[in-house]
Amino acid sequence: VQLQASGGGLVQAGGSLRLSCAASGRTFSRYRMGWFRQAPGKEREFVAAISRFDGSTRYADSVKGRFTISRDSAKNTVYLQMNKLKSEDTAVYSCAADFRSPRYTPLRSRAEEYDYWGQGTQVTVSS
């Protein structure tokens, strides 16, 4: 599967951005999707994940209440709506697909549990 992330940019603190991740190559509905980010000098960290079927979601504590992950199966696209952005949200954001996790198991937050990755998109929040 190929993943293409887009939508990053420069925004002022308190502003919003919406990232998109377009998927192709395999049936989109067969895999869970996740967003991760990596800031300069820091390790990659989990941001959010969404299930295949029932729309259940999982978020990192640092983004709860501010970010929303969603998916549009008709467009083979997953989104990350980011509101109330802070300078500490500055990072390269990447989308990933989890093909292996069985149904009815918790959404994954570890990068090594994801099978396919897209290239990142830079998000810069100015204070």
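Values reported hereafter were calculated over all heavy atoms of this structure, with side chains retained and with hydrogens, waters and symmetry mates removed. Note that this is a predicted model, so its numbers are computed, not measured.
Between Thr121 and Val92, the closest side-chain pair of non-hydrogen atoms is not below 4.5 Å. When side chains are defined from C-beta on, Gln4 counts as touching Gln119, because their heavy atoms get closer than 4.5 Å. Contact annotation: the side chain of Val11 never approaches that of Thr124 to less than 4.5 Å [non-hydrogen atoms, C-beta and beyond]. Counting heavy atoms from C-beta on, the side chains of Glu45 and Arg37 come closer than 4.5 Å. Residues Thr90 and Gln122 meet the side-chain proximity criterion, which asks for heavy atoms closer than 4.5 Å. No side-chain heavy atom of Gln81 sits under 4.5 Å from any side-chain heavy atom of Ser70.
Contacts classified as ring pair (Phe, Tyr, Trp, His ring centres under 6.0 Å) and involving residues 33-61 (residues at least two apart or in different chains) are given here: Phe36-Phe46, Phe36-Tyr114, Phe36-Trp117.
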Q: Would you check, one step at a time, whether the test side-chain contact (heavy atoms from CB on, under 4.5 Å) holds for Asp98 with Tyr31?
A: CA-CA 5 Å; Asp98 170 12; Tyr31 37 84; 5.6 Å; no
Q) Given the rule in the side-chain contact (heavy atoms from CB on, under 4.5 Å) test, do Leu19 and Val123 qualify, once you have shown the distances and angles that lead to the verdict? A) CA-CA 9 Å; Leu19 305 183; Val123 172; 4.0 Å; yes
Q. Can you check side-chain hydrogen bond (donor to acceptor under 3.5 Å, both in side chains) on Ser101 and Arg108, steps first, answer last?
A. CA-CA 8 Å; Ser101 293; Arg108 309 305 189 190; 2.8 Å; yes
Q: Walk me through it: do Thr57 and Arg71 pass the test side-chain contact (heavy atoms from CB on, under 4.5 Å)?
A: CA-CA 11 Å; Thr57 57; Arg71 66 192 296 163; over 6 Å; no
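Test Leu80, Ile50, Thr77 against Met33 for side chain to side chain contact (heavy atoms under 4.5 Å, CB included) and you get one pass: Ile50.
A salt bridge does not link Asp89 with Lys86: every distance from a Lys NZ or Arg NE/NH1/NH2 to an Asp or Glu carboxylate oxygen is 4.0 Å or more.
A distance of 5.0 Å separates OG of Ser126 from CD of Gln12, quoted to the nearest 0.5 Å.
The aromatic rings of Tyr93 and Phe67 sit tilted relative to each other, their planes meeting at an angle between 30° and 60°.
Using modelled atom types, one finds no donor on one side chain facing an acceptor on the other under 3.5 Å when comparing Ser127 with Ser87.
Judged by the 6.0 Å and 45° rule, Arg18 forms a cation-pi pair with Tyr79.
Remark: side-chain polar atoms of Asp115 are paired, donor with acceptor, to backbone N or O of Arg100 under 3.5 angstrom.
Pairing each heavy atom of Ala23 with each of Leu3, the nearest pair is CB-CD2, 3.6 Å. A pairwise comparison of heavy atoms in Cys95 and Ala5 identifies SG-CB, 4.1 Å as the closest pair.
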